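Input: a single structure, listed below in structure tokens.
Remember, it's a predicted structure, so these values are computed and weren't measured experimentally. The figures here come from the full heavy-atom set of this structure, side chains too, leaving out hydrogens, waters and symmetry mates. Order of the sequence lines sets the chain letters (A, B, ...), proteins ahead of strands, with each chain counted from 1.
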Amino acid sequence: MNNKGRMNSNEIKIQGLLDVFLRADSKTNSFETTSEHLDEDTLTSFVEGNLSEKEAYPITNHLVSCSFCRHITAELIKLDYAFAEDTQMATVSEAEPTKVADVLSGILSRIFGNSDSAVFAHQEPEENNPSDSKKDEEK
Amino acid sequence: MSPDSVIEQEKIVKECESLMKQLYTECFENAPNFGVREECFKNSLTTSIKKYLYRSPDDNPTLEEAQKFLKSIQLDDLFLALACANGNERAWWEFDQQHRSYLERVSRHLASSDLNAQEVVDLVYVELYGTRVVEGERVSKFATYSGKGSIRGWLRTVIWHSLVDLHRASHDSVSLDEMTENVGEGHAHSNFAEMDLGGEDQMMDQVTKDRYRNATVSAIQSAFTELDSHEKLLLLYYHVENLKLREIARLVEVPTSPLRAWFQRKSAAREKNPRSKIHESTIMRWLEKTYKKVLKSFQEELNSKHNLKGEEIDICIELATQDLANPNLYQNLATN
């Protein structure tokens, strides 16, 4: 840290002591979290700053005591920074849509090999009603 | 949750129904062929209200807060996710077109090899579609997305978790700590920084040293505990997670960030201009202020609780500084 010029010697020393203390404490005590880890949705909302102060309060408390979740949020912040320049948006091509079943069959084949068990049994949901089909045609 | 709270919760949800309907109509107009039904959409929003606004039994949000919450949802992303969760072909195609390359880039950035990266993308796709069936219904990962964050941010987090799972699968005895530190950039910062400091004071006997060391650990612990949650978290991000000042600045910079709101309260100038940019120097100044605060609290604790005089407090700090060359010593004391 390059701010030592503005701090007195005791402040610099307390900074070093705090650094060692926090690292040591994090490696020993902070994993003893009793509550469940935060889910992906909550982690994302926090990192993106989409929670109000009231909504974020319990999350912040959790992150102070749970190094597992805190480490994930820190890595997500780093990722967010690394990808900040990445504004390139994929354009939607006008090609014929690939069936989701085809995409997933390919993936499962790669994971499990080209056996029969890798065939993905995709089913369209039964709830599709005639009006939906009509709208599909319109599009 | 008390029966009264449940009734109040249901009342708030009921009062939000017209807004939910309005939001659904907007989404449906944008993507009529996604096949998302109004009931499904409302269920998702209701689940999110309960999850975020009723996190503790004491939470009692107002109707305005609930409506503000709903308006903050990233609706297009949520609509796409719901459609994908339902297995809608068009939605999956759009998802694949818009987000696959991004998934691959993030995965390549995080994974140790291209092979791992591809494996993670494959696993994420399978998880997103859902191969598990519960009570006759396929469980899609998309169903857990609330729209509170962006879908890309959520995907990044899903990839992260998949990488951790993949690492765990191949390293049975690895702790959660080691696992998370070995994924992404964390592994680069896992060692203590060693400081080049002077030798020990030979004149001081071991008993006195231990007394001062114990008092020092107790006082630093107490000083840290007295900070508020935001201060603690930012110190932990800086010292333990090795976030750089610019990365912390970015986290705080998001206009809606609760951490930014906290910074603004601390800065009168920023209150006047809430959209002003937060620079690394701002974070640095904030850290300096926090160190001053910790030092003050640390000295007060040594004085009031351990009855140490100014000169002894200086010895504690000096001794601690010398001991920093051997951080394990403080690690051991911290566990006592």
Side-chain angles (χ1 to χ4, degrees), chain A residues 3 6-7 10-11 13-26 28 31 39-41 43-45 47-53 55-56 58 60-61 63-64 68 70-72 74-79 81 90 92-93 97-100 103-104 107 110-111 125 128 132 135-136 139, chain B residues 32-33 35 52 55 86-87 89 92-93 97-98 101 122 125-126 129 144-146 148-150 153-154 156-158 160 176 180 184-186 192 220 229-230 232-233 236-237 239-241 243 247 250-251 254 256-258 261 284 288 291-292 294-295 298 317 320-321 324 327 330-331 334-335:
Chain A
N3 59 337
R6 286 181 296 198
M7 298 194 332
N10 275 352
E11 287 160 6
K13 286 170 185 171
I14 208 76
Q15 180 193 3
L17 181 58
L18 197 58
D19 187 77
V20 174
F21 168 74
L22 291 177
R23 286 167 191 267
D25 193 54
S26 178
T28 53
F31 296 100
D39 62 24
E40 286 109 345
D41 195 65
L43 290 166
T44 306
S45 308
V47 169
E48 293 190 341
N50 290 329
L51 299 174
S52 70
E53 209 172 338
E55 290 157 20
T60 306
N61 282 338
L63 293 175
V64 168
F68 180 74
R70 188 177 62 242
H71 184 70
I72 294 177
E75 291 299 324
L76 291 171
I77 292 163
K78 288 174 191 171
L79 252 183
Y81 191 83
V92 178
S93 78
T98 312
K99 293 274 184 191
V100 62
V103 174
L104 288 162
I107 289 169
R110 281 206 295 278
I111 295 172
N128 278 358
D132 289 338
K135 280 161 195 157
D136 280 345
K139 182 149 186 172
Chain B
N33 54 354
Y52 283 102
R55 204 171 271 274
N86 293 338
E89 288 285 354
W92 265 94
W93 178 74
Q97 291 287 310
Q98 287 177 22
S101 64
D122 289 352
Y125 259 76
V126 170
Y129 189 80
T144 66
Y145 173 68
S146 71
K148 191 66 179 151
S150 71
W154 179 76
R156 279 202 299 260
T157 317
V158 171
W160 179 271
L176 282 179
T180 56
E185 293 181 23
F192 284 176
I220 195 82
S229 299
H230 294 91
K232 286 181 197 164
L233 183 59
L236 286 163
Y237 274 149
H239 285 281
V240 180
E241 305 300 339
L243 282 187
E247 290 165 335
R250 184 169 170 79
L251 174 71
V254 180
T256 52
S257 167
M284 196 188 284
E288 287 168 358
Y291 295 134
K292 283 183 205 294
V294 170
L295 177 62
F298 172 80
I317 294 174
T321 306
L324 291 181
Y330 275 86
Q331 187 166 350
T335 58

Indicate the atoms forming the closest heavy-atom contact of Lys78(A) with Glu241(B), along with that distance.
NZ-O, 3.2 Å
Mind listing the closest non-hydrogen atom pair of Ser45(A) and Gly149(B) along with its distance?
OG-N, 3.7 Å
Could you give the distance from CD1 (Ile220(B)) to CD1 (Ile14(A)), rounded to the nearest 0.5 Å?
4.0 Å
Return the CG to CG distance between Leu295(B) and Asn10(A), rounded to the nearest 0.5 Å.
5.5 Å
Is there side-chain contact between Glu288(B) and Gln15(A), with at least one heavy-atom pair below 4.5 Å?
no
With a 4.5 Å heavy-atom cut-off, do Phe298(B) and Leu18(A) have their side chains touching?
no
Go through it in stages, so that I can follow the logic: the residues are Glu11(A) and Lys292(B), the test is salt bridge (Lys or Arg N to Asp or Glu O under 4.0 Å), and I'd like the CA-CA distance, side-chain angles, deciding distance and then a yes or no.
CA-CA 6 Å; Glu11(A) 287 160 6; Lys292(B) 283 183 205 294; 3.2 Å; yes
Matching residue for Arg156(B) among Leu79(A), Thr44(A), Leu43(A) - test: side chain to side chain contact (heavy atoms under 4.5 Å, CB included)
Leu79(A)
Reference residue Lys232(B); test side chain to side chain contact (heavy atoms under 4.5 Å, CB included); the match among Leu63(A), Leu22(A), Val64(A)
Val64(A)
Which of Ile77(A), Asp41(A), Leu76(A) touches chain B most, by non-hydrogen pairs under 4.5 Å
Asp41(A)
Treating Lys148(B) as the side-chain partner and Asn50(A) as the backbone partner, does any N or O pair qualify as donor plus acceptor under 3.5 Å?
yes
Evaluate the side-chain contact (heavy atoms from CB on, under 4.5 Å) criterion for residues Tyr237(B) and Arg70(A): first the C-alpha distance (whole Å), next the side-chain angles of each, then the deciding distance (0.1 Å), finally the verdict.
CA-CA 8 Å; Tyr237(B) 274 149; Arg70(A) 188 177 62 242; 3.7 Å; yes
